**Student:** 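Before I ask anything, let me first share the structure, which is written out below as structure tokens.
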Amino acid sequence: MAKAPLPDKFKQFGEWYDLVSEKAELADVRYGVKGFVVFRPNLMHVIREIYEALERHLIASGHRAMLFPLLIPYKNLLVEKEHVKGFENQVFSVEKAGGEELEERLFIRPTSETAIYPMYALWIRSYRDLPFKGFQSCAVYRHETKATRPLFRGREFLWVESHNVFAKKEEAEAQLKEDMEITRKTFEEFALPFLPIEREPFDRFPGAERSLAYDVILPDRQVLQSATTHLLGKRFTAPFGVSFLSADGQRVVPESTCFGPGVSRIAALVVSVHGDEYGLVLPFKAAIVQVVIIPIRNEPALLEYALSLEKKLAHAGYKVKVDEGSETAGEKFYHWEMLGTPVRIEIGPREAESKVLTVTRRDQRKRESVPEDALLNRLASLDQEILGELSKKAWGWLESNIQEASSKDDLLAKAKGAGGFIKFTFCGREECARDIKAQTGGYEVRGRRVDIDEKHAASCTWCGEKGVELAYLAKAY
RNA sequence: GGGGUCGUAGUCCAGCUUGGUUAAGAUUCUCCCUUGGGGUGGGAGAGACCGUGAGUUCGAAUCUCACCGACCCCA
């Protein structure tokens, strides 16, 4: 068999990713502005499906869609001190319009707190207005100075941002759990794993009281943060003047949370986590074409049979396409494998004669024979099987890349090794985290897991001070 | 912030050291024939103001300077 078109993603992830992005026609980097790429139709399909899933789960849990303007008055940025510090060096600003200097300077949202909270201050008047749960699906803009890579880090990225307001702290705390659940359900639909990790106090979103992040290990064993949710307390509601009258007539400043699943990054995960040396591997939900039918020769009888099958599958609700192109069969196989199409049906004289079809699943690249009258049942089971097996494989990779360090020496040795997560007992001190990062060549303290309770030792594995938690270390994007 | 590499068809790139005919090749795209169950083979055609600007020269993709852009490494 011929050589695979792509390198091994576990050995040369950067090269693999750039090539698959080009060959599967995902992103086009030729637009010519650094950090800004064009999303092509194959990628937009994945993006739209991710949006569809996130929005469905948000709405089912009581959120409502909104859309705030892209441009925000500059003075709004100055309202919350920590927030300004975090973003002022990253914002794009607009000073002119129609050739004239603007009376009021505007900036392009790097995130929308400063656009949303002034309006919340107008909308929220009574305890009856709470909880207020809203979200918007949009692009945000940050002038990143680090190296950019399509979908992983750009100066424009797509996300959903949810901004919720609650009367009571417990309700806000509970929202963090709900956000985690929404992330879990969405990721499940794309067979993606993640670890929910609470960030250390010194590593929070500017202005947050608590920050949870959803970390995934990529094929190069570096960690990618795909989404975050933050407990903001009164950090934004108070300075922006959001308050309400309680049932007993008291003026109260409410609590708030925000949740930001990075849609471009989740798409990058679908590509990176499932793909192989033949290209993308997509679950049914993410595929723009779910079943491709390939007539092995350009003969009218074969084409006719292929089209009748297409009609049958389309009627059953599948996204199906007959490849009528003039390329040879082998060329078409490679093409559709690169695009990650989950199922391929080959139609040759044998199939047309016997009505027993040759069906190939993309994830395993294995052929099987399926009688035509059993095809719909088989496709339905393949949908679930492929999703299940992709998920199992993805979780297996994540879990097999978590190690635990028993001592400082052990930690140093493991840090020199393959990468991935290293668990250790942490004292919680920023100084200690800085020291670890400096001495391990870039391992950062990500924080502690919130989905399970993990026992920690009495003293910090690194510095020997009192241990407070079992924390995860990793090199991050 | 510091250091380095590179800009030539849609894509990958040769040529530059030592200036000189029509800028070579592969891939891609179009058409014809052939082939077809894992990237068939052949033929014809299309596609490049050689990143931009200036300088040196009889003559610049090639030498010089400036600018713009991209990529990589280190902090």
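Residue numbers begin at 1 in each chain, while the letters A, B, ... track the order of the sequences. Owing to the predicted nature of the structure, the values given are computational and were not obtained by experimental measurement.
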**Student:** Would you check if there is a donor-acceptor pair between the side chains of A:E454 and A:Y472 at a distance under 3.5 Å?
**Tutor:** yes

**Student:** For nucleotides B:A9 and B:A48, find the distance between their C1' atoms and express it as a whole number of Å.
**Tutor:** 5 Å

**Student:** Roughly, in whole Å, what's the span from CZ in A:R297 to P in B:U35?
**Tutor:** 11 Å

**Student:** Can you tell me the pairing partner of B:A60 across any strand shown, Watson-Crick or G-U wobble, with both distances under 3.5 angstrom?
**Tutor:** none

**Student:** Would you measure the distance from the P atom in B:A14 across to the matching atom in B:C6 and give it in whole Å?
**Tutor:** 11 Å

**Student:** Heavy atoms from C-beta onward define the side chain here; which of B:C71, B:G36, B:G37 lies closest to that of A:K34?
**Tutor:** B:C71

**Student:** Run the ring-centre check on A:F10 versus A:W397 and record whether the distance is less than 6.0 Å.
**Tutor:** yes

**Student:** Would you kindly give the CG-to-C1' distance between A:L6 and B:G39, to the nearest whole Å?
**Tutor:** 13 Å

**Student:** May I ask which nucleotide in the shown strands pairs with B:G36, Watson-Crick or G-U wobble, both distances under 3.5 Å?
**Tutor:** none

**Student:** On a whole-Å scale, what distance lies between the C1' atoms belonging to B:A61 and B:C16?
**Tutor:** 8 Å

**Student:** Rounding to an integer number of Å, can you tell me how far A:I296 CD1 sits from B:G39 C1'?
**Tutor:** 14 Å

**Student:** Is it the case that the base of B:G37 and the side chain of A:E351 share a donor-acceptor contact (distance under 3.5 Å, atom types as modelled)?
**Tutor:** yes

**Student:** Please measure how far the C1' atom in B:U56 lies from the corresponding atom in B:A24, and state the result in whole Å.
**Tutor:** 28 Å

**Student:** What is the separation between atom CZ on A:R434 and atom P on B:A75, rounded to the nearest whole Å?
**Tutor:** 17 Å

**Student:** Is the base of B:G39 stacked against the aromatic ring of A:Y334, taking ring centres under 5.5 Å apart and planes under 30° as the test?
**Tutor:** yes

**Student:** What's the closest nucleotide to the side chain of A:R344 if the choices are B:G37, B:G38, B:G39?
**Tutor:** B:G38

**Student:** What nucleotide among B:G38, B:U40, B:G37 has an atom nearest to a side-chain atom of A:T328?
**Tutor:** B:U40

**Student:** Counting the atoms with a prime plus P, OP1 and OP2 as sugar-phosphate, which does A:K332 contact under 4.0 Å by heavy atoms, base, sugar-phosphate, or nothing?
**Tutor:** nothing

**Student:** Any N or O donor-acceptor pair linking the side chain of A:E327 to the base of B:G39 at under 3.5 Å?
**Tutor:** no

**Student:** Looking across every strand, which nucleic acid part, if any, lies under 4.0 Å from A:R149 by heavy atom: base, sugar-phosphate, or nothing?
**Tutor:** nothing

**Student:** Between B:G37, B:G38, B:U40, which nucleotide gets closest to the side-chain atoms of A:E331?
**Tutor:** B:U40

**Student:** Provide, to the nearest angstrom, the distance between the CD atom belonging to A:E337 and the P atom belonging to B:G37.
**Tutor:** 14 Å

**Student:** What integer distance in Å separates A:E22:CD from B:U11:C1'?
**Tutor:** 6 Å

**Student:** For the C1' atoms, the ones on B:U30 and on B:U18, what distance do you get once it is rounded to whole angstrom?
**Tutor:** 41 Å

**Student:** Starting at atom CD of A:Q439, determine the distance to atom C1' of B:A75, rounded to an integer number of angstrom.
**Tutor:** 17 Å

**Student:** In whole Å, what separates the P atom of B:U57 from that of B:U64?
**Tutor:** 16 Å

**Student:** Taking any strand in view, what nucleotide pairs with B:G19 in a Watson-Crick or G-U wobble way, both distances under 3.5 Å?
**Tutor:** none

**Student:** Hey, what's the ring geometry for A:F236 with A:H83, parallel, tilted or perpendicular (30° and 60° as the breaks)?
**Tutor:** perpendicular

**Student:** Are A:K408 and A:F424 in a cation-pi contact, defined as NZ or CZ under 6.0 Å from the six-membered ring centre and within 45° of the axis?
**Tutor:** no

**Student:** Can you find a side-chain donor-acceptor pair between A:Y477 and A:D220 that sits under 3.5 Å?
**Tutor:** yes

**Student:** Going by the angle between their ring planes, with limits at 30° and 60°, are A:Y318 and A:F284 parallel, tilted or perpendicular?
**Tutor:** perpendicular

**Student:** With a 3.5 Å limit on both atom pairs, tell me what B:C50 is paired to, counting Watson-Crick and G-U wobble, or say none.
**Tutor:** none

**Student:** Evaluate the side-chain proximity of A:L43 to A:L151: yes if any heavy-atom separation is below 4.5 Å, no if none is.
**Tutor:** yes

**Student:** Hunt down the Watson-Crick or G-U wobble partner of B:G45, both distances under 3.5 Å, from any strand shown, or write none.
**Tutor:** B:C29

**Student:** Report the base-pairing partner of B:A9 (Watson-Crick or G-U wobble, both distances below 3.5 angstrom), or none.
**Tutor:** none

**Student:** Which part of the nucleic acid, if any, lies within reach of A:E299 when heavy atoms closer than 4.0 Å are counted: base, sugar-phosphate only, or nothing?
**Tutor:** nothing

**Student:** Using heavy-atom distances to pick each residue's nearest nucleotide on RNA chain B, tell me which of A:H335 and A:G35 is more 5'.
**Tutor:** A:H335

**Student:** Can you check the A:K437 NZ to B:A75 C1' distance for me, whole Å?
**Tutor:** 11 Å

**Student:** Sticking with atom P, work out how far B:U11 lies from B:A70, rounded to a whole angstrom.
**Tutor:** 16 Å

**Student:** For B:G19 versus B:A60, give the span between their C1' atoms, rounded off to a whole number of Å.
**Tutor:** 6 Å

